[in-house]
Amino acid sequence: MKKYAVIYRSVLIESLQYTANIAMGFISYLIIIFIFIHLWDYMYGTPGTLIAGYTKEQMIWYVMLTELIWFGTSSNTVTRQASMDIRGGNIAYLMNKPYHYTLYILARYIGECSVRLPMYAAVSALIGLTMVGSLAGFRLITLLAALPCILLGITIHAVFRLCISLLSFWIEDANPFHWLYNKLILVIGTIFPIEIFPEALQPLFKLTPIYTVCYGPAKLLIDFSVEKYAEVLAAQVLYLAAGCALMFFIYGKGVKKLYVNGG
Amino acid sequence: MSTAVKNELRVCMLSVKYNIMREMLNKVTFLTNILFMALNNATFIVQWVILFSLREDIGGYALRDVMLLWGLAASTFGLAHILFARAFSLPDLIINGKLDAYLVLPKNVLLSVLTSQTSVSAIGDLLYGLVILCVFSLSIGRFFLFVLFTVTGAVIYTAFALLMGSLSFWFVRAEMFAGHMTSSMVSFATYPDGIFKGAVKFLLYLVIPVGMAIYQPVHIMMDFNAGRLLAVLGYTLLLSAAAVFVFYRGLRRYSSSNLMEARG
């Protein structure tokens with residue numbers, strides 16, 4: 001594990017040099033949040049309305065938190081870079097190093113997120129408190145309790161995105177699959193909480209990565225309960241184990257297909 | 001004069017044609033990109049079906065109108081990225097001194113730059129827009145208006161990207177700013193203008209030109225008004241002229257990096 005810690009630390013230090021670039025990304029985040037504040041303002045109409053059991057403030061905070069996970073983890077390392085390593089042949093130089101390629105990519109990804117996510121979290125808190133107001137019943141202990149779920153959620157997200165990128169061993173461009181996976185997460189888990197969908201579909205969504213990546217962590221911050229906490233944590237551990245097994249399996253199969261053309 | 005214009009247009013169309021032919025070398029990837037982009041856009045129908053199950057109208061729009069808005073936004077984005085995809089990565093050319101290859105061409109520099117790249121997935125966006133129109137609100141008049149506004153929207157969108165991208169002639173850090181500003185246009189374009197109030201509307205018509213590229217055209221298609229149509233056409237010409245002017249002013253400040261590379 002020590003070698004991955006070294007990779008993580010070096011990427012973390014590197015990312016700290018580019019905080020100004022990361023801060024430029026706040027523009028897109030602010031615009032999205034701005035649109036959703038207006039949208040939900042319009043949808044709620046009169047004060048005191050509940051939609052799917054959520055108050056207006058809870059709904060906007062939910063979107064802000066899921067978008068925070070979305071923007072705070074929007075790194076090319078597990079998507080474009082991994083695909084390009086495979087397509088461009090760079091993987092030939094990386095696979096014979098004394099580390100596992102997939103874990104190397106994940107260590108880099110977590111290093112980048114360690115800088116991005118806190119920066120976006122600070123901006124979210126600032127906008128939320130000034131434009132929406134504080135969440136009723138929210139306590140700092142909730143944030144500390146939900147932190148492992150947030151970290152597990154972003155790791156699961158990275159593992160699944162890396163699995164898709166590893167498809168580049170077979171297909172030239174894995175991007176179209178990334179689009180579909182991203183939209184599944186975005187439309188079903190990020191823009192709305194699961195409760196807004198028809199009851200018949202909700203158990204189905206709980207089986208998808210949406211539940212562990214964005215809905216679970218955000219729901220815990222909005223409306224914490226010990227039962228929910230245990231449920232989300234158990235689902236995340238299972239999902240992470242299954243995702244990692246899938247990732248190693250695809251990588252193991254993929255490298256056997258690798259052709260080295262010299263150079 | 002007209003022969004020169006015809007020649008320029010012919011070269012532009014040939015450039016786009018060869019861009020697409022190059023991408024078609026791998027047919028499976030080419031088709032997957034188009035199909036999956038259309039599917040990618042279609043996922044947002046779920047979002048609007050859910051929202052309209054909560055309220056009958058959103059910002060004065062019914063589901064059919066929002067689909068028209070989405071269709072126009074997709075086809076506008078698609079056409080701009082089919083014909084002028086390079087406008088959206090202009091800062092990279094400026095900062096890394098890659099404009100040299102275009103400066104020595106015996107044709108118009110700006111048009112050569114703009115048409116030197118095509119995004120294949122954008123074909124999926126364009127087709128999605130047309131399919132949405134056919135499914136949700138097709139009529140002969142609306143079809144012609146849709147095509148016209150796809151063109152004006154694509155020109156406005158490209159001109160805005162060109163304006164933002166040209167800032168890199170003056171400021172090195174403008175690259176990321178330009179990217180975020182251009183993508184903000186897409187973010188706003190997929191939500192009804194009726195949900196925004198007050199000063200925000202001013203922002204959407206004068207700072208980010210989504211009002212004239214998408215909102216006004218949708219209003220015209222819903223309820224035809226010749227005056228508004230002329231305003232959209234006039235705005236398109238004005239913004240294009242401003243973008244061309246700023247690009248050429250900026251080009252005077254351009255310095256080569258002596259980079260030797262073959263154009264892809």
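Numbered from 1 within each chain, the chains take letters A, B, ... in sequence-line order.
Interface residue B:Tyr191: only side-chain heavy atoms are found under 4.5 Å from chain A. When heavy atoms are compared at a cutoff of 4.5 Å, A:Phe36 approaches chain B solely by way of its side chain, counted from C-beta outward. Contacts of A:Ile32 with chain B are made by side-chain atoms alone, with heavy-atom separations under 4.5 Å and no backbone atom involved. Neither the backbone nor the side chain of A:Asn182 has a heavy atom closer than 4.5 Å to any heavy atom of chain B. The part of B:Thr29 that comes within reach of chain A is its side chain, from C-beta onward, which places non-hydrogen atoms under 4.5 angstrom from that chain. Neither the backbone nor the side chain of A:Ile171 comes within less than 4.5 Å of any heavy atom of chain B. Within the 4.5 angstrom heavy-atom criterion, atoms from both the backbone and the side chain of B:Ile58 approach chain A. In this structure, chain B has a heavy atom under 4.5 Å from the side chain of A:Leu186, while its backbone stays farther away. Of the two parts of B:Ser183, only the side chain, counted from C-beta on, holds a non-hydrogen atom closer than 4.5 Å to a non-hydrogen atom of chain A.
Within the model, atoms CD1 of A:Ile196 and CG of B:Leu51 stand 7.0 Å from one another, a figure rounded to the nearest 0.5 Å. The CD atom of B:Gln47 sits 7.5 Å away from the CG atom of A:Leu39 when rounded to the nearest 0.5 Å. Here the straight-line distance linking atom CZ of B:Phe188 with atom CD1 of A:Ile35 works out to 4.5 Å at 0.5 Å rounding. For the atom pair B:Asn40 CG and A:Lys183 NZ, the distance stands at 4.0 Å (nearest 0.5 Å). Annotation: the span from B:Ser187 atom OG to A:Phe34 atom CZ amounts to 12.0 Å, rounded to 0.5 Å. Here the straight-line distance linking atom OG of B:Ser184 with atom CD1 of A:Ile31 works out to 4.0 Å at 0.5 Å rounding.
At least one cation-pi condition fails for B:Arg55 and A:Tyr44: the charged atom is not both under 6.0 angstrom from the six-membered ring centre and inside a 45 degree cone around its axis.
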| query | Does the pair B:Val46 and A:Phe192 meet the rule for a side-chain contact (heavy atoms from CB on, under 4.5 Å), with working shown? | reply | CA-CA 11 Å; B:Val46 175; A:Phe192 306 116; 6.0 Å; no

| Can you list the steps and then say if B:Leu39 with A:Leu180 is a side-chain contact (heavy atoms from CB on, under 4.5 Å)? | CA-CA 8 Å; B:Leu39 282 174; A:Leu180 281 190; 4.0 Å; yes

| task | Applying side-chain contact (heavy atoms from CB on, under 4.5 Å), run through B:Leu54 and A:Ile51 and close with a yes or a no. | result | CA-CA 8 Å; B:Leu54 303 173; A:Ile51 293 179; 3.8 Å; yes

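Minimum interatomic distance between A:Asn21 and B:Met176 (heavy atoms only, all atoms of both residues): O-CE, 3.2 Å. The shortest non-hydrogen separation linking A:Ser28 to B:His180 is OG-ND1, 2.6 Å.
Checking side-chain atoms of A:Tyr42 against main-chain N and O of B:Gly59 turns up a donor-acceptor pair under 3.5 Å.
Along residues 196-214 of chain B, the residues that come nearer than 4.5 angstrom to chain A, judged on non-hydrogen atoms, are B:Phe196, B:Lys197, B:Val200 in order of number.
The residue among B:Leu35, B:Asn33, B:Val28, B:Val49 with the most heavy atom pairs within less than 4.5 Å of chain A is B:Asn33.
Listed by first and then second residue, the ring pair (Phe, Tyr, Trp, His ring centres under 6.0 Å) pairs involving residues 51-76 of chain A are A:Tyr29-A:Phe71 (not counting sequence neighbours).
A:Lys228 NZ: more than 12 foreign heavy atoms inside a 6.0 Å radius.
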